[in-house]
Amino acid sequence: MSTPHRDDEALIPRPPLTTAALRAAVAQIAPAYLGQFVDHLDQATEQAARQSTVAPLHGFLAQWGEFVAIHRHPARAARLRELEQQVADATDRRTVSAALAQIREITAAARRDATGE
């Protein structure tokens with residue numbers, strides 16, 4: 001018998017920031033985004049080769065590490081979606097500013113989580 005999952009718990013452990021680990025994490029927690037993951041990886045790889053730099057790959061790992069850090073916590077992902085909808089629906093600057101401030105907090109926390117800080 002499985003234990004019910006609480007929204008504040010992580011669905012999976014924090015994966016290392018490698019393409020293989022992030023791909024496996026995305027496949028497990030947000031499979032609908034796997035195509036975007038692969039497309040972005042291809043683009044980053046091509047750009048890195050064209051520019052002779054690994055910077056696009058570092059950016060890719062950072063972006064998808066943050067994505068996984070958000071989506072491995074269902075409550076965090078749900079709150080981010082709510083805030084994004086608030087921004088889309090807002091008709092005044094105060095609402096937009098407040099929602100964007102909370103979005104920045106979520107993404108900053110996810111960035112720290114992704115790197116283990």
Side-chain angles (χ1 to χ4, degrees):
M1 178 178 219
S2 66
T3 304
H5 178 78
R6 290 183 20 202
D7 279 348
D8 59 335
E9 294 177 356
L11 294 173
I12 61 171
R14 179 175 51 85
L17 289 179
T18 66
T19 56
L22 291 173
R23 181 190 320 254
V26 170
Q28 187 173 356
I29 62 173
Y33 289 89
L34 197 52
Q36 284 180 277
F37 176 93
V38 172
D39 289 346
H40 188 193
L41 176 57
D42 289 346
Q43 292 168 1
T45 302
E46 290 172 13
Q47 185 179 4
R50 271 195 320 274
Q51 297 175 351
S52 298
T53 179
V54 295
L57 295 172
H58 286 291
F60 168 85
L61 293 173
Q63 180 177 334
W64 285 95
E66 186 178 302
F67 176 90
V68 168
I70 290 168
H71 287 84
R72 71 189 193 98
H73 295 276
R76 185 187 287 178
R79 181 63 182 147
L80 180 60
R81 284 189 299 274
E82 290 171 6
L83 292 166
E84 290 170 339
Q85 191 60 53
Q86 284 179 20
V87 170
D89 295 342
T91 57
D92 64 285
R93 288 181 186 226
R94 185 180 311 173
T95 301
V96 170
S97 294
L100 288 175
Q102 290 181 54
I103 289 171
R104 282 190 295 274
E105 289 174 14
I106 290 171
T107 57
R111 202 169 11 263
R112 288 189 303 273
D113 182 25
T115 59
E117 294 177 4

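Computed over heavy atoms, backbone and side chain alike; hydrogens, waters and symmetry mates excluded.
- Hydrophobic clustering (ILVMFWY, side-chain heavy atoms < 4.5 Å, transitive): L80 and Y33 are in distinct clusters.
- Distance CG/L100 to CD/E84: 10.0 Å, rounded to 0.5 Å.
- Between the side chain of R79 and the backbone N or O of Q102 there is no donor-acceptor pair closer than 3.5 Å.
- Clustering ILVMFWY residues whenever any of their side-chain heavy atoms sit less than 4.5 angstrom apart, transitively, puts L22 in the very cluster that holds V38.
- Looking only at side-chain heavy atoms (C-beta outward), F60 and T19 come within less than 4.5 Å of each other.
- Contact between G116 and R14 at its shortest, heavy atoms only, is CA-CZ, 3.5 Å.
- Judged as a side-chain hydrogen bond (donor to acceptor under 3.5 Å, both in side chains), and not counting sequence neighbours, the contacts of D89 are Q85.
- With sequence neighbours left out, the salt bridge (charged side-chain N to carboxylate O under 4.0 Å, His left out) criterion links R23 to no other residue.
- Residues meeting the side-chain hydrogen bond (donor to acceptor under 3.5 Å, both in side chains) test with H71, sequence neighbours left out: none.
- Aromatic ring orientation, W64 versus H40: tilted (interplanar angle from 30° to 60°).
- Evaluation of the salt bridge (charged side-chain N to carboxylate O under 4.0 Å, His left out) rule for R111 yields E66 as partners, not counting sequence neighbours.
- Between R76 and D113 there is a side-chain heavy-atom pair separated by less than 4.5 Å.
- The two residues I70 and A110 have their closest heavy-atom pair at CG1-CB, 3.4 Å.
- Side-chain N or O atoms of R72 include one that pairs as donor or acceptor with a backbone N or O of I12 at under 3.5 Å.
- The minimum heavy-atom distance between A21 and P16, with the atom names listed, is CB-O, 3.5 Å.
- Residues A114 and A69 share a closest heavy-atom pair of N-CB, 4.1 Å.
- Residues I106 and F67 fall into different hydrophobic clusters, defined by Ile, Leu, Val, Met, Phe, Trp and Tyr side chains chained together at heavy-atom separations under 4.5 Å.
- Across all non-hydrogen atoms, the minimal contact from V68 to I29 is O-CD1, 3.8 Å.
- The salt bridge (charged side-chain N to carboxylate O under 4.0 Å, His left out) test applied to E46 returns no partner, not counting sequence neighbours.
- Residue pairs meeting the salt bridge (Lys or Arg N to Asp or Glu O under 4.0 Å) criterion with at least one member in residues 49-58, sequence neighbours excluded, do not occur.
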